[in-house]
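Reading through the structure tokens given below for one structure.
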Amino acid sequence: MPLNFQIIGISKHFPLHSIHINMEREVRVRFAPSPTGALHIGGVRTALYNYLFAKKNGGKFLIRIEDTDQTRFVPGAEEYIKESLAWAGIETDEDPWKGGPHGPYRQSERKAMYMQYALDLVEKGHAYYAFDTSEELDAMRERLTAARVVSPQYNSITRTTMKNSLTLPEDEVKARLASGEPYVIRIKIPRKEEVRLNDMIRGWVMVHSSTLDDKVLMKSDGMPTYHLANIVDDHLMGITHVIRGEEWLPSAPLHVLLYKYFGWEDTMPQFAHLPLLLKPDGNGKLSKRDAEKHGFPVFPLEWTDPNTGGQVAGFRESGYLPDAFVNFLALLGWNPGNQEEIFSKEQLIEAFTVERIGKSGTKFDINKANWFNEIYLRAKPNVELAEYLLASLKQEGIACTPEKAAKVCGVMKERATFPTDFWKEGKFFFLSPTSFDEKIAEKKWNNDTVNALTAYKEELLANTETITPELAKALLTTALEKKGIGMGKVMQGVRLAITGVGAGPDLMEVIEIIGKEEVIKRIDFAIDNLKAYIH
RNA sequence: GGUCCGUUCGUCUAGGGGUUAGGACGUAUCCCUUUCACGGAUAAAACACGGGUUCGAUUCCCGUACGGACUACCA
């Protein structure tokens, strides 16, 4: 794409690179999880926002696995991430599994390229070797704490007392390196400098460099830390916007400094730090414990930790529909600015802007998630819903035609929250009642009900037409008129006899689905078995 | 402790110098339904506090309080 002349004209006064690049660069964003366990719902939201942003702006969304900490690697976690995003319908353009032009997409596989960047910083005087052992580090912190230093850290002051290439003679440094002694490379944070960044959500954030510490860039095992790896990779992968959780905000100034020292300021991505997802009660970050405490999932998929054996519930397994889940998640911290709440994925892409992401933490409310699920469940065609019911029935060993299952779902969906409710609340469509709701029986089972049912049975027997809801109702009306009993008086009893419970979909529709013969059988059974309730 | 971020109904939020502070979930009540829901309607429910600035502040500024994140050779 050629630059237009106006921009070239401006370039006399403003740096051309930044204007040029910002306008011409394709939007590229990434989700960079660590494979250390199940992907938290907050992570899914971060991925979702990245995805929505990319698609909205005609850009690319990619996944990069940040597995630089080998000690925290958990088998299966990577697969879990992949499956979670797939379930939620968050599609990637580039990732470790399908690859892409900027691979590899696993930091462990990029290991070889980080050292040269760290060394580049050392050469430029922005980083240095450090040989301190962890015991020495601990001792330093203890010493500083004892001296009531407010923040004991490896920084411009303390580094002068430690074992590093700034304090040791050059020869000794060389000797130590040559001897294979373990070392790390630390960034050399300037003593006095104001570091600022313009966060897309929070505006200007300013931090004084004196509060930053000399973070480790290269670990002694030859792996980079997150701070180094994420800057190098984002740069190499052409990332234009970094949308990540608020927990990264404190280290963002460090990252800005790194871009500066590498000389990549012109293409430094824009940052957007997302508000946290909080516990539904009280305060704090939403955690696994909340799931256990409140009985709802905080992870997209069910997960069993291979190391601890600990198990967590998943939204998928709990019966949440992917579209409902995504819709719910999108509104947790973002809003469209109008009063609409129901958004398909495509509509979310269309409506999404970073500007409308809120600043404050968001408490997690499962009620709202359930509401979304109900909305999406009702919008689904009955045949699609039937698949869920058919699956439940198969587990129970009950045969059923797809047509009947669809019909059951059709009448049940108005009252269901989860697909599993079709079976749970609608067992009576498939199983004759063997027991009855005692409370209803106590209240509604009486001579009138028995008389009404007896008369109804006669009418059903006498009629030879195929039963429909209308016919079922007409016959009941006739029976009741003959007996001189009001419908309202016995309806609950009739329902109880036929379904065994006091609540359910329209009874006449239930009768149609169950069929005349079965209804008659159930009436007989109820009359025989509920005698004790007649006073 | 230090640094940074935040604070509108119980929850998610809209709004923004003058509003009856709007919507949604949840809750309650009523209507519809000769059954159960769905649906509809109504109600209760919020600008953390104190100073400024201003004719006027929930909105802007500064404090305080409260909450949170970060403070590893973890990400």
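Every chain is numbered from 1, with letters handed out A, B, ... down the list of sequences.
Among residues two or more places apart in sequence or in another chain, the side-chain contact (heavy atoms from CB on, under 4.5 Å) test is passed with A/Leu177 by A/Tyr129, A/Phe131, A/Val173, A/Tyr183.
Of the candidates B/A75, B/C73, B/G68, B/A75 carries the atom nearest the A/Tyr226 side chain, counting heavy atoms from C-beta on. Here B/U8 is the nucleotide among B/U8, B/A69, B/G26 with the atom lying nearest to any side-chain atom of A/Ser360. With B/U3, B/G6, B/U35 as the candidates, the nucleotide lying closest to the side chain of A/Lys359 is B/G6. Considering only side-chain atoms of A/Thr68, the nucleotide from B/A24, B/A14, B/A75 that sits closest is B/A75. In the set B/G68, B/U3, B/A24, B/G68 carries the atom at the smallest distance from any side-chain atom of A/Glu246. Set against B/A75, B/G1, B/G26, the side chain of A/Ser151 has B/G1 as its closest nucleotide. Here B/G68 is the nucleotide among B/G68, B/G10, B/C73 with the atom lying nearest to any side-chain atom of A/Leu276. The side chain of A/Val205 approaches B/C5 more closely than any other nucleotide in the set B/C5, B/C74, B/C25.
Side-chain atoms of A/Arg415 and base atoms of B/C36 include a donor and an acceptor less than 3.5 Å apart. Contact annotation: side chain of A/Lys285 to base of B/A69, donor-acceptor pair absent below 3.5 Å.
Note: A/Phe325 and A/Phe315 have tilted aromatic rings, judged against thresholds of 30 and 60 degrees for the angle between ring planes.
A/Leu249 comes within 4.0 angstrom of the backbone, heavy atoms only, and of no base.
Considering only side-chain N and O atoms, A/Lys219 lies under 4.0 angstrom from the phosphate OP1 or OP2 of B/C74. For B/U13, one of the phosphate oxygens OP1 or OP2 lies less than 4.0 angstrom from a side-chain nitrogen or oxygen of A/Thr362. Between A/Lys413 and B/C38 there is no side-chain polar atom (N or O) within less than 4.0 angstrom of OP1 or OP2.
Evaluation of the salt bridge (charged side-chain N to carboxylate O under 4.0 Å, His left out) test over residues 323-344 of chain A, restricted to residues two or more places apart or in two chains, returns A/Glu341-A/Lys368.
Between A/Arg202 and A/His273, the side chains place no donor N or O within less than 3.5 Å of an acceptor N or O (distance only, hydrogens not considered).
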